[in-house]
Amino acid sequence: MKKLLSALALAAVVAPVWAATQTVTLGVPSMHCAMCPVTVKNALSKVDGVSKIDVSLEKRDAVVTYDDAKTNTQKLTKATEDAGYPSSVKQ
Ligand SMILES: [Cu+2]
């Protein structure tokens, strides 16, 4: 029993490490000029947990690396939408 309890305690301590870094590609079809990616990148950079953003005007997408314990794709698409650029997850 004591062994089980210490195993549980260890799991609780280790748990935050289970948070995984995810990368998602968001399609942002309404980007149309060189300033758009800047605005989109700015909006995404304000989302807590986002560590890397690559916005391409040519491909009209944004590749975002984020910590899935802190944020999710809904928050990311909401951030771009609030900045005036609705986006959706690209498969
Ligand atoms: Cu623009």
Side-chain angles (χ1 to χ4, degrees):
M1 189 61 187
K2 202 175 173 196
K3 213 170 191 177
L4 177 65
L5 283 177
S6 54
L8 286 174
L10 182 66
V13 170
V14 171
V17 178
W18 296 344
T21 299
Q22 306 276 349
T23 300
V24 68
T25 301
L26 301 175
V28 196
S30 53
M31 290 197 290
H32 59 275
C33 77
M35 282 308 293
C36 294
V38 178
T39 310
V40 170
K41 187 170 181 172
N42 230 337
L44 289 167
S45 69
K46 287 178 186 144
V47 179
D48 187 40
V50 170
S51 54
K52 188 168 181 277
I53 310 154
D54 253 309
V55 186
S56 166
L57 174 63
E58 294 74 34
K59 288 190 260 178
R60 289 189 168 69
D61 67 18
V63 181
V64 186
T65 304
Y66 64 97
D67 180 343
D68 72 357
K70 289 184 181 164
T71 192
N72 53 49
T73 56
Q74 283 90 339
K75 285 183 189 167
L76 298 175
T77 54
K78 171 98 169 47
T80 65
E81 191 177 336
D82 287 350
Y85 299 92
S87 64
S88 57
V89 176
K90 262 190 182 178
Q91 294 306 323

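Indexing begins at 1, ligand by ligand and atom by atom, following the structure's order. Any value given below was found using the heavy atoms of this structure, including those in side chains, with hydrogens, waters and symmetry copies removed. Bear in mind that the values here come from a model prediction, so they are computed numbers and not experimental data.
Protein N/O/S atoms closer than 2.8 Å to the Cu ion (ligand 1): C33 SG, C36 SG.
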For salt bridge (charged side-chain N to carboxylate O under 4.0 Å, His left out), just list the numbers for D68 and K70, CA-CA rounded to whole Å, side-chain angles, deciding distance to a tenth of an Å, and then say yes or no. CA-CA 5 Å; D68 72 357; K70 289 184 181 164; over 6 Å; no
Carefully, step by step, assess T71 and D48 under the rule side chain to side chain contact (heavy atoms under 4.5 Å, CB included). CA-CA 7 Å; T71 192; D48 187 40; over 6 Å; no
For V89 and T25, what are the C-alpha separation, side-chain angles and deciding distance, and is it a side chain to side chain contact (heavy atoms under 4.5 Å, CB included)? CA-CA 6 Å; V89 176; T25 301; over 6 Å; no
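No side-chain donor-acceptor contact under 3.5 Å links T80 to the backbone of V40. Side-chain N or O atoms of T39 include one that pairs as donor or acceptor with a backbone N or O of M35 at under 3.5 Å.
Shown here for V47 and A79, the closest heavy-atom pair between the two residues is CG2-CB, 3.5 Å.
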